[in-house]
Enquirer: 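Following this message is one structure expressed as structure tokens.
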Amino acid sequence: MEIHILSVLPELMESPFNHSILKRAKEKGLAKIILHNIRDYSSDRHKSVDDYAFGGGAGMVMMIDPILSCIESIQAEGPVDEIIYMTPDGERFNQKAANQLSTLNRVIILCGHYKGVDERLREHIITREISVGDYVLSGGELAAAVVVDAVIRLIPGVLNDETSALTDSFQDDLLAPPVYTRPAEYRGWKVPDILLSGNSGAIEKWRHEQSVLRTKQRRPDLLDES
Ligand code: ADE
């Protein structure tokens, strides 16, 4: 999967993708993340990427031309499956959307800044708008990093144990069950006996029960959705 990220602050995006699972995905050639500085596509001598809003009001608006030039240069190299704009008024991101996106080959993610992008880009060019939650970040970069992380770990071969993404919270609209490691007892706090029993059928059943219980207690809305 090839992910192109368009930003006015590409430096902000370098670190999240250079560690752990995402780094391994890149090294294995399963994910390629290409950062583009929108400013490099500005045609004026000041390299401007934003301008005042028509009609007045505080805050600058990101201009169409540098963004569209960047998008078109990516499209010139091959088809793009989705052009995503990170924005708090987009569809709320969830595991289902992550699963869907992980099946795509080439995507563009546009990170907004200031008051946002010129609406005409959203009308004519953007194919999907995603929010990571009902709060406003200073820019779309951290939101894009969240989406890219959630998507890349789902690409087959990225996680060592193929089943481990399937048992994540939300994968079947259930939260994950509690997990424990050694020692079996610490300051009198004991690991549930069932997990030490060696009875894999009983353990699986217990985990499922715990998942359902936890979901009922913490996120009953997930049970309503399924
Ligand atoms: N940009 C600013 N806030 C955001 C949010 N909550 N989700 C996605 N992009 C954003």
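Ligands are counted one by one from 1 in listed order, and the atoms in each one are counted from 1 as well.
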Enquirer: How would you list, by chain and number, every residue that makes a ring pair (Phe, Tyr, Trp, His ring centres under 6.0 Å) with Phe54, sequence neighbours excluded?
Expert: none
Enquirer: Students should find this: residues with any non-hydrogen atom under 4.0 Å from ligand 1. What is the answer?
Expert: Met86, Thr87, Pro88, Ile130, Ser131, Val132, Gly133, Tyr135, Val136, Leu137, Gly139, Gly140, Ala143
Enquirer: Would you call Arg219-Asp173 a salt bridge at under 4.0 Å N-O?
Expert: no
Enquirer: Classify the side-chain pair Glu82/Thr127 by whether it contains a donor and acceptor separated by less than 3.5 Å.
Expert: yes
Enquirer: Does a salt bridge link Lys115 with Asp50, judged by any charged N lying under 4.0 Å from a carboxylate O?
Expert: no
Enquirer: Just to verify, what does Glu91 make a salt bridge (charged side-chain N to carboxylate O under 4.0 Å, His left out) with, not counting sequence neighbours?
Expert: Arg128
Enquirer: Which pairs count as side chain to side chain donor-acceptor pair (under 3.5 Å) when at least one residue sits in residues 182-208, sequence neighbours excluded?
Expert: Lys205-Glu209
